[in-house]
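Residue indices begin at 1 and follow the sequence shown.
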Amino acid sequence: MNRLKSIKALLRPRTFAFQMLAAMLTVSLIPLLLLSAFALQTVTSQLHRFSALNTALIEKNYISMYEANIEEQVRAIDTELRLVEDAVLLSKALAESIFSTENHTAVQPISFLYDSKKHRFTERHTDGMGVISIRTDNPLAYPSPEQAYDLALSKALFPLFKSESSRKQNIVSMYYIHPKSGSFYYPEYTGPLEEETAKPINTLTSYKFYSDALNVRPKTNQVAWTKPYLDITPRGWMFTATTPVYDENRVLKGVVAADVTIERFVNNVLDTRFGDEDGIALLLGTDHELIAAQQHGAGEIDQLDLAALFSQDTVNSFRRMQLGGQQKVVFSRAIPSTDWILGYIIPEHKLLESIHAATDELSTQTGDRLIVQLTLLGLVAVGLCVILSFYLRSKVSRPVNLLAGAFAEMGEGQFTASLDDTRTLEFNQLLSSFNRMSLKIRELMEQQSELNQQLEHKVELRTEELRDMNNELEARVDELLRLEHWRKELFMNISHDLKTPITLIRGYIEAINDGTISGEDTGIFLRRIYEDIQTINQFVRNLNELSLLETRQLEAKFDVVEADAFFRDIVMKWEAYMKLERRPFHTNQLAAGGRLRADPHLISRVIDNLLDNAMKYSEPGSPITFAYELADQVAIYRVIDNGAGIPEESLPYVFDSFYRVDKSRNSGIPGSGLGLSIAKEIADIHGGQLSAMPNPEHGQGCIFSLTLPLFRA
């Protein structure tokens, strides 16, 4: 019976207020809990995804930072090598001046003494200014007078050897080697000596630091770097910067060189710039043979295939690979001055260990905080829903209870309750309010629509203005980038073309200041300095003229010129000069008449430049042809030579500033690479065209054509 009563109590209808409260709690809490769960899952997954992306981005930036560091170290090593090259080139310039046939400097004769312990002839009376040595097993092979004289002259290199060796930390020794053996070097090696009795005495000219220098052509400021070799002194492994010395008649006078020990180079460069014990820095030659490496990585490097690891396709790149069963990161860059390869190998987990640890810790902490915050937020939301539900229950149940009480009184027969038909009136008022509200909303929507159309029109106008401004801004940015690129290339080329005369001037001045050059020879070197300064002045004048032409600040003085008469004037001017040069000069006038509106001086400058180039880049005595013809309302002047010609791939660039086909910019042919650029600008000012093409008739040489529009009155 009691159980039946309990069931009936459960099935008893609940009050409207209670049902409304339960429904409100259900409708509000369940979506809130589901939303919190979905939000937690979504935010957690997004957090993990963000963490992965952030880790990848940081890893990329970290690798970029390593690559930038490698680039910086390459520049630093290149600078160290160029310092050694500069010292050798200064010694070359001074030595060529000393051995010049115009130099008749009297020197103190050298008396030689044979050192049987060291197997060499040395000066009998040393002066502490370097060492002269002639290695030989034969104590009777006394040096010849010519050999003794040249070695005595070479002592004038002492101030420069001493200065460069003391100022440049990687140089351990600088020396001059005579073609018939014998040397002058500084400083003298004072360390422990190896036993010499069992070793054969080879002439110095048989070693690589002499023979490699002979690969450098005469009259070129270049340095050859030897492969690593075991020095003839006990100073261990080293490599050498070496270059030949010729007199003005291209007679070999010997070799000047500077030694760099690998141990010192590693200590001064690799160990200083790569201090991480987990990574290995190494330096490879162009044949992928090891030049230098950090000591702590020697065992691991011996197990690597360096040629495959640093192949031509992988230079200047970053890559991951398995080495010795471990994932490692390999960086490599080529050193510009020598094409050697700087490599850096580091375990990947060491490279990115701190990044992954920090990212994992951040992800874990953020996830924990997010869970706590979402939990607190859910509890606060549940509490607010409960409070709101009770508040709404009290607001809704009161009018319902009043209505229920009125109906109860009516059921008991009590009609004292005054319940006006307010519900109808309220609905009527509500309906009227709704209609008024609907009308007002309709009016507001129409106004909103009109305002939206006006706003859209203004946005379109503004968008169009912004598009135009953006296009203009992009154009200006492109122009600025182009100008910046041109400026960098200009300064680089100017620096390169001024380097040689400035280096010679500095060498002459240092030699004069050091007292190496006697007073009576000072005038000779001052004239050479003056000639180099004139070279620089001519280069600056050409550069200034090109700048004026490109910016159209140099105005042409136009006049009406007879095209064929102008051709004959050019022929008359150059015939005499060609005879002096003993060079055949052919002329070919294929048309008569024709008039040009041009500046005769500037057009003559273009043709003179083309004829001068034809003489420069063709063999002495080879013919040059100058032709004139008319075609399609234009006058065409052509200069044809049988020289070496211009490669097909270089033709589009021959009129660019500073461009030279030989690429090295150090050929024996004088010039700054500005002549054809100036000629091209002059042709553009006249509305003409300057072009170049191979000579099809002879299979070699070039045809330069200047095309100018004819003048029509």
Handout entry: Residue pair Leu151 / Ile134, side-chain heavy-atom distance below 4.5 Å
Key = yes
Problem - Side chain to side chain, Asn170 and Leu83, heavy atoms closer than 4.5 Å - result: no
Handout entry: Between CG on residue Leu157 and CD1 on residue Ile98, distance to nearest 0.5 Å
Key = 4.0 Å
Problem - Shortest non-hydrogen separation from Tyr246 to Val216 and the atoms involved - result: OH-O, 4.3 Å
Exercise for the section: Identify the heavy atoms of Pro228 and Ile262 that sit nearest to each other, and give their distance. Expected result: CB-CD1, 3.8 Å
Practice task
State, yes or no, whether a side-chain contact exists between Gln222 and Thr243 at a heavy-atom distance under 4.5 Å.
Solution key: no
Completion exercise
Which of Asp78, Asp86, Thr79 passes side-chain hydrogen bond (donor to acceptor under 3.5 Å, both in side chains) with Arg82? It is Asp78
Exercise for the section: Tell me whether the centres of the aromatic rings in Phe239 and Trp225 are closer together than 6.0 Å. Expected result: yes
Practice task
Report yes if some heavy atom in the side chain of Met129 is under 4.5 Å from a heavy atom in the side chain of Lys162; otherwise report no.
Solution key: no
Completion exercise
Between Val260 and Met238 the two heavy atoms that sit nearest each other are O-CB, 3.1 Å
Problem - Distance in Å, Asn249 CG paired with Ser100 OG, rounded so as to fall on 0.5 Å steps - result: 8.5 Å
Problem - With sequence neighbours excluded, residues passing side chain to side chain contact (heavy atoms under 4.5 Å, CB included) with Ala281 - result: Leu270, Phe274, Gln294, Tyr344
Handout entry: Residues which pass side chain to side chain contact (heavy atoms under 4.5 Å, CB included) with Ser181, listed by chain and number, not counting sequence neighbours
Key = Thr203, Leu204
Problem - Closest contact, heavy atoms only, Glu123 versus Ile110 - result: CG-CG2, 3.7 Å
Practice task
Before giving the answer on side chain to side chain donor-acceptor pair (under 3.5 Å), spell out for Thr240 and Asp259 the whole-Å C-alpha distance, their side-chain angles and the decisive distance to 0.1 Å.
Solution key: CA-CA 5 Å; Thr240 300; Asp259 286 342; 2.7 Å; yes
Exercise for the section: Could you tell me whether the side chain of Ser183 and the main chain of Tyr185 form a donor-acceptor pair under 3.5 Å? Expected result: no
Handout entry: Rounded distance (nearest 0.5 Å) linking atom CG of Leu284 with atom OG of Ser332
Key = 9.0 Å
Practice task
Please check if the side chain of Asp115 supplies one atom and the backbone of Lys117 the other of a donor-acceptor pair under 3.5 Å.
Solution key: yes
Fill in the blank from the handout: Between Ser91 and Met174, the two heavy atoms sitting closest are OG-CE, 3.2 Å
Handout entry: Exercise: identify the closest heavy-atom pair between Ala258 and Val88
Key = CB-CG2, 3.7 Å
Exercise for the section: Please list, chain by chain and in numerical order, all residues satisfying ring pair (Phe, Tyr, Trp, His ring centres under 6.0 Å) with Phe158, sequence neighbours excluded. Expected result: Tyr186
Handout entry: CA sep, side-chain torsions, deciding dist, call: Leu252, Val245, side-chain contact (heavy atoms from CB on, under 4.5 Å)
Key = CA-CA 6 Å; Leu252 180 66; Val245 177; 5.8 Å; no
Practice task
Could you tell me whether Lys168 atom NZ has more than 12 heavy atoms of other residues or ligands within 6.0 Å of it?
Solution key: yes
Handout entry: Donor-acceptor pair, side chain of Ser165 and main chain of Phe161, under 3.5 angstrom
Key = yes
Handout entry: Heavy-atom check, side chain of Val223 versus side chain of Leu89, under 4.5 Å
Key = yes
Practice task
Look up atom CZ in Phe99 and atom CG in Leu153, then write down how far apart they are to the nearest 0.5 Å.
Solution key: 5.5 Å
Problem - Side-chain touch Phe121/Pro143, heavy atoms, less than 4.5 angstrom - result: yes
Exercise for the section: Determine whether Thr205 and Pro179 make a side-chain contact, defined as any pair of heavy atoms from C-beta on separated by less than 4.5 Å. Expected result: no
Practice task
Nearest 0.5 Å please: distance from the CG atom of Leu283 over to the CG atom of Leu342.
Solution key: 6.5 Å
Problem - Salt bridge Glu96-Lys219, side-chain N to carboxylate O under 4.0 Å - result: no
Handout entry: Pair Phe184 and Tyr176, ring centroids less than 6.0 Å apart
Key = no
Handout entry: Ring centres under 6.0 angstrom apart (Tyr175, Phe209)
Key = yes
Problem - Basic-acidic side-chain contact under 4.0 Å: Lys180, Glu146 - result: yes
Fill in the blank from the handout: Between the NZ atom in Lys92 and the NZ atom in Lys253, the distance rounded to the nearest 0.5 Å is 14.0 Å
Handout entry: Check: Glu71 and Arg333 side chains under 4.5 Å, non-hydrogen atoms
Key = yes
